[in-house]
Structure formats: C-alpha cells, structure tokens
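Residue numbers begin at 1 in each chain, while the letters A, B, ... track the order of the sequences. As a basis for the values below, the full set of heavy atoms in this structure was taken, side chains included, without hydrogen atoms, waters or symmetry mates.
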Protein chains: 2
Amino acid sequence: MANIKEVADLAGCSIATVSRHVNGAAPISVEVRARIEAAILQTGYRPSEIGRSLKRQATRTLGIVVPSLTNPVFALSVSGFQAVARRHGYNVLIATSDYDPAIEAEAVETFLGQSVDGLALTVCDSLSSPALATIDAGGKPNVLLFNQADMPGRQAVTVDNIEAARAMTDAILAEGHRRIVFLAGRFAASDRSRLRYRGFAAALAQAGLKPPLPLELDFLDATPDAALQPLLGGENRPTALFCSNDVLALGVIGALKRLGARVPDDMSVVGFDGIDLGQMVEPTLCTVSQPARAMGELACERLLATIRSTPEAATDAARFLAFDIRRGGSLGPAPRVVAAIGAGQDLQRDNTTPHNKRETA
Amino acid sequence: MANIKEVADLAGCSIATVSRHVNGAAPISVEVRARIEAAILQTGYRPSEIGRSLKRQATRTLGIVVPSLTNPVFALSVSGFQAVARRHGYNVLIATSDYDPAIEAEAVETFLGQSVDGLALTVCDSLSSPALATIDAGGKPNVLLFNQADMPGRQAVTVDNIEAARAMTDAILAEGHRRIVFLAGRFAASDRSRLRYRGFAAALAQAGLKPPLPLELDFLDATPDAALQPLLGGENRPTALFCSNDVLALGVIGALKRLGARVPDDMSVVGFDGIDLGQMVEPTLCTVSQPARAMGELACERLLATIRSTPEAATDAARFLAFDIRRGGSLGPAPRVVAAIGAGQDLQRDNTTPHNKRETA
DNA sequence: CTGTTAGCGCGTTCAT
DNA sequence: ATGAACGCGCTAACAG
C-alpha cells in the first residue's frame, strides 16, 4: 500500500502538501490538487492511521472488555457502545474475559499497550480488580459498565443492583412466598451477583425472614439439574427461586421442567437483566430489566466526554440508571400446600397436594 | 506514560539496550539488566504498540465486521474468532454493519486505515460488496464468514446454504406439507437468505411443486403480525413456514400464537442457524444448525495462516462445513384438513377442522 | 500557496 | 555487551 511519499513524488509536490490536502488543513492550488487527487486514485493511497496516531498521540480507538458475548445482555451493551463510537469516528477493540480475572487483566494490559484512548469494562469484581488499578495508574479514561463504582469519582454506568434485587424480592414476597432461595453464578466471577444477593437478603430480613445462604451454580453449565435436585425435596422446599441473571434463570426453568416441576405452579422463578429471550419463552420470565443497549451507549458517551475532558461528565459519574421490575408468568402466587417435587413422586404429590392454580389464588 | 527514552535515561544506558531487554533480543549484562528492570518498574513503562507497529509494519490486530451482535449466531462467531485471536496474541477490532452495505464499506475503509493485519467479514452480499473489492485491491488477507465465496480462491467459512435449505425442505415435505412459504429477511441485506430460498425452491421443484415467491419481512421488526395475517386466511393457506433464520422464526412463532394459531398443529415453522434459544422455547425450534462458534474460530485460524502465508490454508479455501438438520417440535405433520386461522374464526375452525395431533399422524 | 524539517516511540543495523 | 543513528508514516511549525 502506497505511502504519502509515493503520492507526493507522483504528484510532483512535497509530502506536506499531500498531507494538507488529505486533511483539508490549508488551501491548495487547483492544479496541484488535481495532480494529488490523481496520484491518490492511481496508487490507492489511504493515510496510515498508525502514522497519524504516533504523531498525535491518540488512536481514536476505544477498548471494551466484557465477560462474554454469548450472554445477550453484554452483546447488547457492546452493540450500543460500538454504535456510538462509530458515530464519533472511533474504533472499538473488543475482548472477552470469560469471567476470568486473569484474562481480564491481560486484556487491559494489551489495550493499554495498544494505546486505546479509553476503555469500558465489565469486570468480575470492581473491588478486587487488578485491571482497574493498572488503568488508574496509567491515567487512562475509563468507565465501568454494569459494575458499580468501587470508589468515589469512578465513572460507572449501572443500575443499583441492591435496590433492584430488593424490589424484586418484595414482589416475590407479595405473591405470598416465604421460602425463597437465591441462585447465583459463581460469586467470584461476578460482583453483581453478590450485590443482588445483598438486596435479596435485606428484603427478606425486613420481612422478618431469615435469608438462606445463596446457592452457587456454575452458570456456564447448561444443565444445572443435579445441583437443583436437592432443592426440590421435602415440604420445606423453597417455592420461589431468585436467579442472579436471566441466562441462569432460563437454564433453571428448563431443568425444573425436566425434573417434573411446573413453573410457576410448583415453583416460581425470577431472573435479572431483562434479555429479550425472556419474553419469548413460555411462561415469560419475570425479571429485573436493565437497559443494556442504552447503558453501552451511555458508557461510550461518558468515555468520549472524559477523553475530551468535558468536566461535566464527571459530576454525575455514578448516578444510577432506572431499572424496571418486569412482570412475567414465571412468578406466580405461592402454593398453599407444598410438597416435594420429583419424577417418582408424581402420584404421591397428586394425592396429597392439590395444586394451586393461578385462577384460584 | 513513560517512553523508552525515559527508561534508558533512568537506567543510565541507551534506548537500544532497553529495547533489547524488553524484546529479549540479545544478552544484557546483569547489572544493566537490573537497572533497566528497576527503571521499568519505577516508571510503569509499557512499550508502545503503535511505535512497534510503525516499525514492523504490522499491528497484530485483526478486524471483524458482522451485521449485528444481537443475533446470537453472529455474537457466537465473534466470540470464537476473538478467542482464537487472543490465543495467538492478536487484538480484534469489531464493527457492526446493521445490514447496511454503506456502513459495511465504511467499516472496511476504517479497518484498512487502521492497518489491521487481516479481516473477517460477514457481508450483506458477497457478490456486490464494494468492501470486498477494496480489500482485494489492497491485498489484505481476508476471509468470509457465513457468506459463500464470490469467486474461486476466496477464503470462506460457511455451510452450503443451498444444500442445507434443500435438506430442510425435504424434511418438511416428508411431514406431508405441500403448501410451504419461505419467509425471508430483506433479501438485499442477506445473500444467505437468497441462497436458502434457492435451495428451498429447488427441493419443491424436485417434488413436483411450484415454489411460491418468498415473502420478504423486515426481520428487525419484532412484531411481524400484520405481515403474517394474509398468510393465514383461506383453505389454500400454507401449512408450513420456512424462515430464513432463527431470530425471524422465533418472532414468527410468537406472532402466530398471538394470531390464534398453534404451532405445529395449525402451522409448522422452521428456521435456520441453530441458536441455543431455539432449544429453550416451547415447542423447540426445528432448524438447520451451523457451528457458529467453530466457524468464527476457523475463520480466525485461516486468517492467521494466510497472514503467515502458510500456503496450505488456501487449498481448501471454500470447502463447506457440515450442517445439521435439528429436529424440533415446531415442525409437525401437515394437518389433514386445513382451515383459515384467525381470532374471530375459532369456532368455525373448531367445528370444521379436527386438529391433527402428532400421535394420530 | 508550498517546501523543509523535526520528532512522535520504537527496532535495528552498524560500529565499537 | 553496548551505543549512535536511521527510518517506519505522518503532522505541524517555520520559512519562504
């Protein structure tokens, strides 16, 4: 690929003139301009962004690192982020951490080396992320996405996970449920899960109930059947499950069906995130919806504002976005009589526990 | 952020020595090495990848452009692509075209300016893509993803869309359906859709049936109810719908439910892609599954092979990957008696057309 | 209006 | 084992 010098030689002028033409930085005589344009066309010249970056000490590139792209909530946020970046003439480098803090840190290292102008991160744990410290040390503009701020002044685009989980838990309680279990993806991999559990526990405590410990599932496991089984036995079994995210919730609903439980008649299930998919399944998923695409967009806007050092961006750095408790068929009233659920227990169950239909509740 | 010169000054040596240390290019005396390491630690020095790129004329960055990230099939392929790239020490620039050839071309321009070492593309139409021509002109290593090759020698990672659609159509025919309609996303935005229609039409022709024209839907429209309505009236209505992709198929199934049709008893629906979501809905989606993540991985591997000019990569450039006809509940036997579907017609339908249960077929 | 030149950060040849 | 110097492609400051 041709460089600026070849174009200049071909056009019979200096490289400075070519540069000026390309950047429209100064008026050029008509004849020279024509020769330059011809030369550019002939050589297929395209200014090297890397040469420019070296000069200007900025790359017009942003980085974004998310745990995964297969979770629609992250894919959506990346989509929004990238759209805004493009609109502003910025490129986007992407990395997925696969919920691994080591990969996360490595990705940040690489991005800093690539001299991104700023980066957006959904880290595993904002409180213990080495990546965050590295970025701060370098003074790179950055914004957290989905994570809550780990310190005052940190830019973060997120909902208040504690409040959201508390509100959702209240909604579950309002349906008459008293034994509710919180199912989480691995806590180590998601500070969001932990915050949501805190909101859950707070709501239960406020209702005078003792919050049970969360049940940790590997939410990358497509078939959590075995892990769920112990929850279904006995008359003290839970009647509702609060899953820390929607992907987990959908997996759990599938498992429950296979294990012979009906949702929500035997067991209510709610999630967190508000992915579209939740509205396409039957029953629809009751969940806390957060505006993932808009969050990606906002993260990018704040990042760009920081890069241009527009000070107003920092003022509302950590203001929370609104969430929405989205009603769905997966949350029903608590059964009046509870019995164990299980493949071999259908007859017994049918004899002893007339199921509570929604119409009768 | 410190540069190599500051480190050299601090360590009391030349920048050449620092460079050699960082790159392990030559032996360094123990004392100097210690001073350099101290200086690096102290300054937080990180070699500038952009300086390196300028020197070495390669960026260790790949570009990938896909129509969207919200369609899981693309998100998965990007995920696989990125994972392989990372493993090989490459960064990934991402762009989404939103099914717009103009944005697509613009993205490619930007990537070329950014001096990516190679790029993977899912273009709207490989036959008419200006982007492809641009890339070829520049001689950049590239590989098509999901698109089939537009010319011999072009690298492409894809399934044989025509054959896959033909096989799926045969499966529909085998269930006794005779009036089948092909629903496509906007043809202009997807050459895959067009190829799949060709396979569909070929299968019908071979069965002695006249293939109806495809019905074009805007598959970004979440509620295709209105567009679908005309298909449901009359006794000559179709009994099966072949949707050009899974996202469309799920939207169509949702619309059918709202319009009072049961799937598959009143209407069978099949899709194309094999997204996970299709297995979580009820009924499960019958579809052609393609290994999206593996395709992204393979595309990246081929790209890297091309960049390193491993010649063997080119030999099987356009070999097709295997697809899988995935059975699912959304495809059932054709009803023996067909009647119009509609909100106001429930009674009439129930009187005149006893539904064909799967057990009785 | 145009050309000359310096320098962005780095790797690398050529000396020593 | 180390240093000096050049050049990768480009822009900007200065000269004319």
Contacts of B/Glu6 that satisfy salt bridge (charged side-chain N to carboxylate O under 4.0 Å, His left out) - sequence neighbours left out: none

task: Sequence neighbours left out, what passes side chain to side chain donor-acceptor pair (under 3.5 Å) with A/Arg194? Give chain and number order.
output: A/Asp125

- prompt: Taking the side chain as C-beta and beyond, is there a heavy-atom pair between A/Asn142 and A/Asp136 under 4.5 Å?
  reply: yes

statement: Span of DNA chain C engaged by chain B, first through last nucleotide within the 4.0 Å heavy-atom cut-off, is C/dG9 to C/dT13

With distance as the sole test, does [X] use its side chain to make a donor-acceptor pair with the main-chain N or O of [Y] at under 3.5 Å?
X	Y	answer
A/Thr59	A/Ser53	no
A/Lys140	A/Leu119	no
A/Ser79	A/Ala75	no
A/Asn147	A/Val123	yes

- prompt: Using a cut-off of 4.0 Å between protein heavy atoms and nucleotide atoms, how would you tag nucleotides 6-13 of chain D 5' to 3' with B, S and -?
  reply: -BBBBBBB

query: Do the side-chain N and O atoms of B/Ser126 and B/Ser129 include a donor-acceptor pair separated by under 3.5 angstrom?
result: no

query: Do we see a donor-acceptor contact under 3.5 Å between the side chains of B/Gln155 and B/Thr306?
result: yes

message: Using five pairs at each end of the helix from C/dC1-D/dG16 to C/dT16-D/dA1 to define an axis, what is the angle between those two axes, to 10°?
response: 40°

Exercise answer: donor-acceptor pairs, residues 30-38 of chain B side-chain atoms, under 3.5 Å, sequence neighbours excluded:
unit_1	atom_1	unit_2	atom_2	d
B/Arg33	NH2	B/Ile28	O	3.4
B/Arg35	NE	B/Ala11	O	2.8
B/Arg35	NH2	B/Ala11	O	3.2

